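When a ligand or atom number is given, it counts from 1 through the structure's own listing order. These numbers were taken from a predicted model, which means no experiment stands behind them.
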Amino acid sequence: GGEEPQLAQQEEVGRLVLKTFTGVNERTFLTIKPDGVQRHLVGEIIRRFEKKGFKLVGMKLMQASEDLLKEHYIALHDRPFYSHLVKYMSSGPVVAMVWQGLDVVKTARMMIGETNPADSKPGTIRGDFCIEVSKNVIHGSDSVESAQREVTLWFSTEELACWEDSTEHWIYE
Ligand SMILES: Nc1ncnc2c1ncn2[C@@H]1O[C@@H]2COP(=O)(O)O[C@H]2[C@H]1O
């Protein structure tokens with residue numbers, strides 16, 4: 001009984017957030033994985049999204065806890081590689097980021113490449129910088145809904161910056 005109104009309220013907030021972060025305000029969650037940090041790819045990866053024209057609205061270098069990563073990868077908890085994945089992701093610092101822009105979820109996935117680097121074309125991040133699926137350098141949200149879930153899981157609202165990009169007139173019609 002008592003929990004239902006709260007749940008309805010949460011769903012309402014969810015719908016509102018989803019409506020707010022559409023069009024040029026669409027947001028995605030990206031994280032440079034421990035192998036990407038160790039291999040000094042942080043600058044190169046950020047450079048690609050920055051030069052593309054997307055807006056960086058949140059970023060932090062952090063060592064993620066196993067609890068956070070278990071929640072982040074909850075949809076994969078039945079997969080045989082789940083616990084290995086959680087251990088690897090918590091083994092060193094990652095760079096968690098929120099990027100904003102028109103169709104940023106889909107476009108970032110295209111820039112990242114396929115989950116398996118062997119299927120990723122040259123020119124994509126995974127196509128250019130890695131070989132194995134279990135060391136694939138970067139994560140990107142796979143849908144607007146998972147982006148919303150992942151952004152709120154990894155960042156508080158105070159950690160996200162709202163700023164005006166002076167080049168926007170040269171990027172959007
Ligand atoms: N067969 C696999 N073996 C190990 N890790 C995998 C396998 N398939 C997927 N993954 C990892 O699981 C992750 C899920 O989403 P990511 O985009 O972070 O990238 C994926 C890979 O790092």
Can you check side chain to side chain contact (heavy atoms under 4.5 Å, CB included) on H139 and I112, steps first, answer last? CA-CA 8 Å; H139 164 84; I112 288 169; over 6 Å; no

Please lay out, stage by stage, how W99 and F49 fare under the test ring pair (Phe, Tyr, Trp, His ring centres under 6.0 Å). CA-CA 8 Å; W99 287 86; F49 294 101; 5.8 Å; yes

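Of the charged side-chain nitrogens involved, at least one lies within less than 4.0 Å of a carboxylate oxygen, so that K55 and E168 count as a salt-bridged pair. Electrostatic pairing of R47 and E50 does not count as a salt bridge here, judged by no charged N lying under 4.0 Å from a carboxylate O.
The shortest contact between atom 20 (C) of ligand 1 and any protein heavy atom is with N136 ND2, 3.7 Å. Looking only at protein heavy atoms, the nearest one to atom 15 (O) of ligand 1 is Y73 CE2, 3.7 Å. Among protein heavy atoms, atom 22 (O) of ligand 1 sits closest to K33 NZ, 3.0 Å. Looking only at protein heavy atoms, the nearest one to atom 2 (C) of ligand 1 is F81 CD2, 3.5 Å.
Near L85, meaning under 4.0 Å from any of its heavy atoms, are these atoms of ligand 1: 11 (C), 12 (O), 13 (C), 22 (O). Near L76, with a cut-off below 4.0 Å to any heavy atom, the atoms of ligand 1 are 14 (C). Residue-ligand proximity, H139 to ligand 1, at heavy-atom distances under 4.0 Å covers atoms 16 (P), 17 (O), 18 (O). With ligand atoms numbered from 1 in the order given, ligand 1 contributes 17 (O), 19 (O) to contacts under 4.0 Å with heavy atoms of R126.
A 6.0 Å sphere centred on CE of M110 holds no more than 12 heavy atoms belonging to other residues, nucleotides or ligands.
Cation-pi geometry between K33 and Y88 is not met at under 6.0 angstrom from the ring centre and within 45 degrees of the axis.
Linking Ile, Leu, Val, Met, Phe, Trp and Tyr residues whenever their side-chain heavy atoms come within less than 4.5 Å leaves V95 and M62 in two separate clusters.
Of all the heavy atoms of M89, none lies under 4.0 Å from any atom of ligand 1, so neither backbone nor side chain is involved.
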